[in-house]
Amino acid sequence: MKLFELFHRHSGVVSTIQFAQAGIPANALTRLVKVGAIRRVRRGLYTCPEIPVGQIGRARLLGGAISCITALREHGFWTPPSRATHLRLPAKRFTAHQRNQVTAKLFASAVTHPTTAEITTSYDGWQDALQCASQCCSRDELVAIIDSARRHQIAATGDIIAACSGSSALLTAWELSDARSDSGVETLVRLRLRKLKLRFSIQHQIGRWRVDFLIGNCLVVEIDGFAYHSDVEAFARDREKDRYLQERGYTVLRFTYWDVMHHWRSCEEQILGFVRANRHRSQPRQ
């Protein structure tokens with residue numbers, strides 16, 4: 001049991017030093033390897049067939065650092081959806097990992113970002129992760145990431161600008177950013193509506209309600225976040241808001257996270273259909 005606890009504590013990867021600190025000597029490791037209880041993957045690093053390797057363990061095995069959107073998500077930034085672990089790895093290790101039976105599987109299932117810089121930690125700070133994301137994410141996704149940093153005050157404005165320096169993609173994203181968007185998905189919608197050359201305002205106040213987008217005079221676009229289904233009170237509140245707006249002559253289009261992320265073309269066609277029919281121009285009642 002002590003062995004399993006050790007592997008759980010260290011994300012599925014334990015070093016020779018950590019074994020020694022836990023009172024397990026080197027000769028015991030040899031016996032454990034021989035009977036198949038543990039596996040020596042790299043010099044000084046072991047895994048256990050019974051314990052899955054976690055994100056930090058994967059980074060340690062590959063000699064890299066958790067980075068890009070995986071690290072940014074843990075630092076509190078909004079990030080585009082990805083189930084893969086993003087790792088920053090020394091370029092010189094790529095060939096070696098492909099030849100190693102164990103690390104080759106971890107290497108293939110991760111999104112890897114080669115670097116010539118020295119890696120001194122298993123987990124990148126948000127500045128390094130942001131620089132890594134600038135080479136992985138689209139412009140709109142970078143804007144949404146920076147919007148979230150400003151909205152949640154993850155860092156001071158000066159620090160965010162400094163982190164964007166040296167990357168034209170990040171500087172462009174900073175210039176397009178707006179702290180008023182309530183979520184990364186709203187940021188994506190804002191940028192997409194702008195590409196359609198529509199006249200709209202964001203976080204517009206109508207009576208006692210604030211709406212995500214108001215196109216023209218009376219076309220309201222609301223975006224439901226990823227987890228809105230689990231909040232019964234929020235669901236009821238949104239329905240109350242919709243009734244309030246409709247009673248005053250507003251047209252309300254409500255889209256989900258999945259609509260925006262996976263079916264945007266359909267959302268766009270619906271919005272443009274209302275605009276072409278001039279249903280955004282009517283003057284609502286007060």
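In what follows, every heavy atom counts, from backbone to side chain, and hydrogens, waters and symmetry copies are set aside. Numbers here are sequence positions counted from 1.
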* **Thr256-Asp224 side chain donor-acceptor pair, cut-off 3.5 Å** =>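 The answer is no; no qualifying pair exists.
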* **Side-chain H-bond candidate by donor/acceptor type, Gln203 with Glu186, under 3.5 Å** =>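 Indeed, the side chains of Gln203 and Glu186 share at least one donor-acceptor pair under 3.5 Å.
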Can you list, pair by pair, the side-chain donor-acceptor contacts under 3.5 Å of residues 12-32, counting residues two or more places apart and other chains?
residue: Ser15; atom: OG; partner: Gln18; partner atom: N; Å: 3.1
residue: Ser15; atom: OG; partner: Gln18; partner atom: OE1; Å: 3.4
residue: Gln18; atom: OE1; partner: Ser15; partner atom: N; Å: 2.9
residue: Gln18; atom: OE1; partner: Arg60; partner atom: NH2; Å: 3.4
residue: Gln18; atom: NE2; partner: His10; partner atom: ND1; Å: 3.2
residue: Thr30; atom: OG1; partner: Ala26; partner atom: O; Å: 3.4

If I take atom [atom1] from residue [X] and atom [atom2] from residue [Y], how far apart are they, to the nearest 0.5 angstrom?
X	Y	atom1	atom2	answer
Thr251	Arg279	OG1	CZ	4.5 Å
Tyr257	Ile223	OH	CD1	12.5 Å
Ile69	Leu142	CD1	CG	10.5 Å

Of all residues at least two apart in sequence or in a different chain, which pass the salt bridge (Lys or Arg N to Asp or Glu O under 4.0 Å) check with [X]?
X	value
Glu222	Lys241, Arg254
Lys34	none
Arg40	none
Arg42	none

* To do: Could you walk me through whether Val221 and Asp212 pass the side chain to side chain contact (heavy atoms under 4.5 Å, CB included) test, one step at a time?
  => CA-CA 6 Å; Val221 174; Asp212 296 333; over 6 Å; no
Do other residues, nucleotides or ligands put more than 12 heavy atoms under 6.0 Å from the [atom1] atom of [X]?
X	atom1	result
Gln153	CD	no
Glu233	CD	no
Arg199	CZ	no

* Keeping to residues at least two apart or across chains, list the ring-ring contact (aromatic ring centres under 6.0 Å, His included) pairs with something in residues 137-191. =>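 Sorted pair list comes back empty.
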Holding to side chain to side chain donor-acceptor pair (under 3.5 Å), I want the full list of residues that pass it with [X], two or more places apart in sequence or in another chain.
X	result
Asp128	none
Thr79	Arg73
Arg150	Ser177
Asn278	Arg281

* Should Cys137 and Ile145 be marked as a side chain to side chain contact (heavy atoms under 4.5 Å, CB included) after you check the CA-CA gap, both sets of side-chain angles, and the distance that decides it? -> CA-CA 10 Å; Cys137 298; Ile145 288 169; 4.1 Å; yes
* Asked: Side chains of Asp140 and Thr187: does their closest heavy-atom pair fall under 4.5 Å?
  ->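 Side chain of Asp140 against side chain of Thr187, heavy atoms only: no contact under 4.5 Å found.
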* Is Leu176 isolated, or which residues cluster with it under the ILVMFWY side-chain rule of less than 4.5 Å, directly or via members? ->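 Cluster partners of Leu176: Val143, Leu191.
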* **Chi angles and distances behind the side chain to side chain contact (heavy atoms under 4.5 Å, CB included) call for Phe7, Ile38** => CA-CA 10 Å; Phe7 276 99; Ile38 63 175; 3.7 Å; yes
* Which is it for Asp182 and Arg210 under the salt bridge (charged side-chain N to carboxylate O under 4.0 Å, His left out) test, yes or no, and what are the steps along the way? -> CA-CA 11 Å; Asp182 273 347; Arg210 189 175 63 175; 3.4 Å; yes
* **side chain to side chain contact (heavy atoms under 4.5 Å, CB included) partner of Arg265, the single match among Glu269, His262, His263** =>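 The single option meeting the side chain to side chain contact (heavy atoms under 4.5 Å, CB included) with Arg265 is Glu269.
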* Between Phe4 and Ile51, is a side chain to side chain contact (heavy atoms under 4.5 Å, CB included) present by the stated rule, with each step listed? -> CA-CA 7 Å; Phe4 285 174; Ile51 308 296; 4.3 Å; yes
* Any cation-pi pair here, Arg239 with Phe235, using under 6.0 Å and within 45°? ->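 Yes; both conditions hold, so Arg239 lies above the ring face of Phe235.
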* To do: Give a yes or no on whether Ile119 and Leu130 share a hydrophobic cluster (residues Ile, Leu, Val, Met, Phe, Trp, Tyr; joining criterion: side-chain heavy atoms under 4.5 Å apart).
  =>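 No; tracing contacts between hydrophobic side chains, which count when under 4.5 Å, never links both residues.
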* To do: Taking side chain to side chain contact (heavy atoms under 4.5 Å, CB included) as the test, write out the residues that go with Asp159, two or more places apart.
  =>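 Per chain and number, Asp159 pairs via side chain to side chain contact (heavy atoms under 4.5 Å, CB included) with Trp126, Ala155, Ala156.
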